[in-house]
2 protein chains.
Amino acid sequence: MTLLEKLQAELTRLSKSERKVAEVVLAEPQATLHKSIASLAQQAAVSEPTVNRFCHSLGAKGYPDFKLQLAQSLAQGTPFVNRHVDQSDTTQSIVEKIIESTMASLNVTRRSLDIAAMDRTVEAFLQAPRISFFGLGASASVAHDAHNKFLRFDTPVQFSDDTLMQKMAAINAKPDDVLVFISHTGRTKVLCEVAALARESGATVVGITAADSPLAQECATVLATHVPEDTDLYMPMASRIAQLVLIDALVTSFTLKKGPEIHEKLRLIKETLRDSRYEKKDIRDLP
Amino acid sequence: MTLLEKLQAELTRLSKSERKVAEVVLAEPQATLHKSIASLAQQAAVSEPTVNRFCHSLGAKGYPDFKLQLAQSLAQGTPFVNRHVDQSDTTQSIVEKIIESTMASLNVTRRSLDIAAMDRTVEAFLQAPRISFFGLGASASVAHDAHNKFLRFDTPVQFSDDTLMQKMAAINAKPDDVLVFISHTGRTKVLCEVAALARESGATVVGITAADSPLAQECATVLATHVPEDTDLYMPMASRIAQLVLIDALVTSFTLKKGPEIHEKLRLIKETLRDSRYEKKDIRDLP
DNA sequence: GAATAAATGTAATTTAGCAACATAATTTGA
DNA sequence: TCAAATTATGTTGCTAAATTACATTTATTC
């Protein structure tokens, strides 16, 4: 149990004066870290030894030790739990919560990723005469991102968030072509239809989607992403980050497997792009 | 950056004696918490003021403050550090490294975000007759994502990854319109030009980009994202996640500030989208 | 309502941290 | 290579912070 939790729990056990101290600490724990025992005593309107006794009551060896434990307690935060945002949240707490949810999602991804499926996918990419990424809505931007990344290589790559185009592409897919379907829920009807068409064309169908979803059933390989309960009004944002990270990993693995000769090409691309950028040293010279 | 990360990073900057202190601290950080300045000095075989100076070198206000920061740093848990991928990596280790880098990036973002700037941006959004998101290359998909999110509200929103379109949009921007420019480096020339045009139109220009970059200079409000050294061949992937999270936070804050009446609309949208999806119970019935 | 126990405050003591100064080591320029 | 300047480190003594011991107040019990 961290100090702050202990403080909450044993608030009633404390004597009157000690509780006054506790309240000051709980009101702004972060600020307490930079207070001396004297100023804390003053703010709580108690004497210094009372503060000291308060520290001992909480199991600390003294005031400095108390501050140390408080610091650790604060840094601990709530470790990566999905906490829902509500009306009372400040911008600060919104950021905290979103980042923590994202981290929670990443942790789940790390633990649950099917490495074998990823390897199969990369192998398929290496063989493929053409790679396509399809997604709709929020997943469209993930597909878009994947497309951007693969543009750096010499394998032709396409992306679409237009269902008609997707259907045409799916019908025209050749064996060995890899078509990657991205969907958070895996339940979007049209996308499932497109995936079915692709499968019928004999191409390799890969899904970045929820396991056991209708879309997953159309796929030869499923890179499952964890779908947290969507109890919120706010969009499922964290899981999309997991999709992106998954794609990052695919690209990175792909790059490595392509071998060193690809590096020269990447360097060249970088070189070329440099012309469209301001150099770092230019900063001072700008208007 | 937490104190331990900083300590790792600036180890070379430190003077000989200070490094001795650093080594003792790094050897057993946890134990250091319960040492006085005197005993730490003794163990490092240096004088007390040297330890004090060491603390100041790391940005602490003194020895007690140093211990406080160290305590927080330790409580943070595994310090997610950017580890570069190399040829010898397995798919598993690639995933690990990418996730850790992403988490590191998120941690940095959490600590360094300018909340006031975010609040200003949300206020501007609330006033705006129109919101636009512009990005190029990898940042285009981030802009794309932002666009998707804002489509849920009644404020007109546009997105473009086409520089000509962007320019036209910038020129036609009206005062109170908000134009958000997304760029990892903030050094892409065309995007800076577009931002300049937008500024001349009198619209509110917001940048999600590196602080102190040319693009940042064109912006009324900058939501700075941390740019790690791009020593790698592989793309700057982690920082893009930070941009996305930032946008998530903006959208969420925007939603909350819009008040409860927006919730009905969001519910309606959700309801409508449901028709395009397979119901959960349908899974077993599928072919 | 006195006696006792508990809580709180006062004053003195101790200790830790730090600034100012002194000295040593290193770098720089001729 | 050596002197000057700069930087790094150590010594001393002061200040402030934390703690202990003791006194006083406040609550509790019979």
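Computed over heavy atoms, backbone and side chain alike; hydrogens, waters and symmetry mates excluded. Note on naming: letters A, B, ... go to the chains in the order of the sequence lines (proteins, then strands), and numbering restarts at 1 for each one.
As a whole-Å value, the separation of R53(B) CZ from dA25(C) C1' is 13 Å. When rounded to the nearest whole Å, the span between CG of L14(A) and P of dA6(C) equals 17 Å. Summarising the geometry, the separation between CG on L40(B) and P on dA16(C) is reported as 13 Å, rounded to the nearest angstrom. Between the NE2 atom of H56(B) and the C1' atom of dC18(C) there is a distance of 8 Å, given to the nearest Å. The CG-C1' distance, from D65(A) to dT19(D), rounds to 14 Å in whole Å. Going from atom CD of E48(B) over to atom P of dA16(C) covers 9 Å, rounded to whole Å. The distance from atom NZ of K67(B) to atom P of dC18(C) is 11 Å, rounded to the nearest whole Å. Whole-Å rounding puts the F66(A) CZ to dA17(D) C1' distance at 16 Å.
Phosphate contact (OP1/OP2 of dC18(C), side-chain N/O of N52(B), threshold under 4.0 Å): present. Close to dG10(D), at under 4.0 Å from its OP1 or OP2, lies a side-chain N or O of T50(B). Between dT8(C) and S15(A), a contact under 4.0 Å exists linking OP1 or OP2 to a side-chain N or O.
Nucleic acid contact for V46(A): sugar-phosphate only, since backbone atoms but no base atoms lie under 4.0 Å from a heavy atom of the residue.
Counting non-hydrogen atoms of neighbouring residues, nucleotides and ligands closer than 6.0 angstrom, the CD atom of E193(B) exceeds 12 such neighbours.
Listed nucleotides: dG10(D), dT20(D), dT8(C). Nearest to the side chain of S47(B): dG10(D). Closest to the side chain of I37(A), out of dT9(D), dG17(C), dA18(D), is dA18(D).
Listed by first and then second residue, the side-chain hydrogen bond (donor to acceptor under 3.5 Å, both in side chains) pairs that reach into residues 43-52 of chain B are K35(B)-Q43(B), S47(B)-T50(B), N52(B)-H56(B), sequence neighbours excluded.
D248(B) has a carboxylate O that lies under 4.0 Å from a charged side-chain N of R240(A), or vice versa, which qualifies the two as a salt bridge.
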Please list every donor-acceptor pair under 3.5 Å in which a side-chain atom of residues 113-125 of chain B meets a protein atom from a residue at least two apart or in another chain.
| residue | atom | partner | partner atom | Å |
| --- | --- | --- | --- | --- |
| D114(B) | OD1 | A116(B) | N | 3.1 |
| D114(B) | OD1 | A117(B) | N | 3.1 |
| D119(B) | OD1 | T91(A) | OG1 | 2.3 |
| T121(B) | OG1 | A117(B) | O | 2.7 |

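Put simply, the residue from V205(B), T209(B), L136(B) that forms a side-chain contact (heavy atoms from CB on, under 4.5 Å) with F181(B) is V205(B).
Within a heavy-atom distance below 4.0 Å of DNA chain C, the residues of residues 16-30 of chain A found are K16(A), S17(A).
Between the side chain of T221(B) and the backbone N or O of V206(B) there is no donor-acceptor pair closer than 3.5 Å. Distance alone, capped at 3.5 Å, places no donor-acceptor pair between the D65(A) side chain and the A60(A) backbone.
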